[in-house]
Amino acid sequence: MKIILLADVYNHGVAGEVVDVAPGFARNFLIPKGMATKATKSELKRFEKIREKAEARRMEYEGMLNELGRKINGTELMFFRRAASTGKLFGSVTTQEITEELDRVTGVDINRRRISQQGLRDTGMHEVSVRLGSDVAPVLFIRVLPEDQRIEYERQREAIASGELDEIRFDDRGYIEPVDLVKLRRKAEKAEEEAEAAEAIAAAAEAEEETVAAVEEDDIPPASDYADEDEA
């Protein structure tokens, strides 16, 4: 059934567009709620200007979705859950939790129905597509780890903040690899001491070269001495 939308309807169109919907959806929901009207000749003529505005709004809306898609594409989200040794979760990471964490990390608030799959029930890295209905098809990388790895994760985050570590370390399974921060600090201190020693040696060598050059320069008689010998 052809109708003219009087309001934006998710997954159907924006106000002013002429769309086809199921007759029952139109008669029982959209039209009674004032969200649409039948696409008769008189109504189409009356809404011609509205349709022009609707097209402009639709283009603006698509541009906004593309921008949001580019912003969130490739975002990595981290979740910790109780899990069995097999990697199966005691529960799941829900689509609602994913959208809430995405909003916290990126500031982009999307409807959970745009997440393209059901809740996650296994540990590991998951690639999750987001349906925005635009040219951009963003993918989220969602890492689910056992709850007992949270402490190591926080330790490594603190080490990154203090400059002791460059990034979180993961093993081949995608789990966080424990890092001996004491050993790492000693290694960093040793490297710093070696760098300082190398600088000191280089500085001493440079000073010695300058001293030798100055002594050699002092041994050369001034030009006036050569002039006196020529006159004699």
Side-chain angles (χ1 to χ4, degrees), residues 3-22 25-26 28-36 50-83 89-147 149-151 153-154 156-158 160-161 167-168 170 174-176:
I3 59 170
I4 303 171
L5 293 177
L6 304 180
D8 297 347
V9 179
Y10 174 69
N11 218 25
H12 288 283
V14 297
E17 282 190 304
V18 179
V19 297
D20 277 313
V21 298
F25 183 49
N28 300 326
F29 182 76
L30 296 178
I31 294 175
K33 287 186 174 294
M35 300 175 71
I50 294 180
R51 288 201 307 275
E52 292 175 358
K53 293 180 180 179
E55 178 62 19
R57 288 185 62 202
R58 185 182 67 79
M59 295 296 291
E60 181 181 357
Y61 183 64
E62 286 184 359
M64 179 191 71
L65 289 179
N66 286 331
E67 183 179 351
L68 290 179
R70 286 188 288 270
K71 184 175 181 179
I72 66 175
N73 187 44
T75 298
E76 182 173 326
L77 305 177
M78 186 90 69
F79 292 92
F80 294 90
R81 290 292 186 273
R82 292 180 60 245
L89 304 185
F90 299 123
S92 67
V93 177
T94 67
T95 54
Q96 183 62 37
E97 289 173 319
I98 292 172
T99 57
E100 289 173 356
E101 182 66 5
L102 180 65
D103 185 17
R104 186 189 71 81
V105 172
T106 67
V108 175
D109 184 14
I110 63 173
N111 190 296
R112 65 181 179 82
R113 293 184 178 85
R114 293 189 180 275
I115 302 298
S116 64
Q117 69 182 71
Q118 300 300 316
L120 306 177
R121 297 184 177 277
D122 299 278
T123 58
M125 178 67 84
H126 305 267
E127 293 186 18
V128 176
S129 299
V130 179
R131 297 188 299 264
L132 291 181
S134 61
D135 296 334
V136 179
V139 174
L140 307 178
F141 295 96
I142 301 178
R143 193 185 295 272
V144 184
L145 297 171
E147 181 64 38
Q149 289 218 306
R150 186 188 295 272
I151 295 176
Y153 173 70
E154 294 298 339
Q156 292 194 25
R157 281 189 61 188
E158 292 176 3
I160 291 173
E167 59 184 11
I168 302 293
F170 295 98
Y175 285 11
I176 297 176

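Bear in mind the structure is a predicted one, so any value in this text is a computation, not a measurement.
With contacts defined as side-chain heavy-atom distances shorter than 4.5 Å, the pair Val130/Ile115 qualifies. Using a 4.5 Å heavy-atom threshold, the side chains of Leu89 and Thr123 count as touching. Between Val139 and Asn73, the closest side-chain pair of non-hydrogen atoms falls below 4.5 Å. With contacts defined as side-chain heavy-atom distances shorter than 4.5 Å, the pair Asp122/Val144 does not qualify. Side-chain contact check for Asp109 versus Thr99: every heavy-atom pair is 4.5 Å or farther apart. Considering only heavy atoms from C-beta on, His12 stays 4.5 Å or farther from Met35 through its side chain. Side-chain contact between Phe141 and Glu127 is present, with at least one heavy-atom pair separated by less than 4.5 Å.
Between the Arg143 side chain and the Gly174 main chain, a donor and an acceptor come within less than 3.5 Å of each other. The backbone N or O of Arg131 lies less than 3.5 Å from a partner atom in the side chain of Arg114, making a donor-acceptor pair. Under the 3.5 Å distance criterion, the side-chain polar atoms of Ser116 are matched with a main-chain donor or acceptor of Ser129. For Asn66 (side chain) and Glu62 (main-chain N/O), a donor-acceptor pair under 3.5 Å exists by modelled atom type.
Taking CZ of Arg81 as the start and CD of Gln149 as the end, the distance is 14.5 Å to the nearest 0.5 Å. The NE2 atom of His126 sits 11.5 Å away from the CZ atom of Arg121 when rounded to the nearest 0.5 Å. Taken to the nearest 0.5 Å, the CD1 atom of Ile142 stands 3.5 Å off from the CD1 atom of Ile98. Atom CD1 in Ile168 sits 5.5 Å away from atom OH in Tyr153 (nearest 0.5 Å). Rounded to the nearest 0.5 angstrom, Met78 CE and Ile176 CD1 are separated by 5.5 Å. The line from CZ of Arg112 to CD of Gln96 is 6.0 Å long, rounded to the nearest 0.5 Å.
Residues Ala36 and Ile3 approach most closely at CB-CD1, 3.7 Å, considering heavy atoms. Contact between Arg150 and Phe80 at its shortest, heavy atoms only, is NH2-CB, 3.4 Å. Scanning both residues, Arg82 and Glu147, for their nearest heavy atoms gives N-CB, 4.0 Å. The shortest heavy-atom contact between Val21 and Ala26 is CG2-CB, 3.8 Å. Scanning all heavy atoms of the two residues, the minimum distance from Thr75 to Ile72 falls at OG1-O, 2.8 Å. Minimum interatomic distance between Pro138 and Gly69 (heavy atoms only, all atoms of both residues): CB-O, 3.5 Å.
Put simply, the residue from Thr95, Thr94, Val93 that forms a side chain to side chain contact (heavy atoms under 4.5 Å, CB included) with Leu120 is Val93.
Surrounding CZ of Arg113 are at most 12 heavy atoms belonging to other residues, nucleotides or ligands under 6.0 Å away. Enclosure of atom CD in Glu154 by more than 12 non-hydrogen atoms of other residues, nucleotides or ligands within 6.0 angstrom is indicated. More than 12 non-hydrogen atoms from other residues, nucleotides or ligands lie less than 6.0 angstrom from CD1 of Ile160.
Comment: Arg57 does not engage Glu60 in a salt bridge, judged by the lack of any side-chain N to carboxylate O separation of less than 4.0 angstrom.
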**OP:** List the steps and the verdict of salt bridge (Lys or Arg N to Asp or Glu O under 4.0 Å) for Arg70 and Glu67.
**Re:** CA-CA 5 Å; Arg70 286 188 288 270; Glu67 183 179 351; 5.9 Å; no

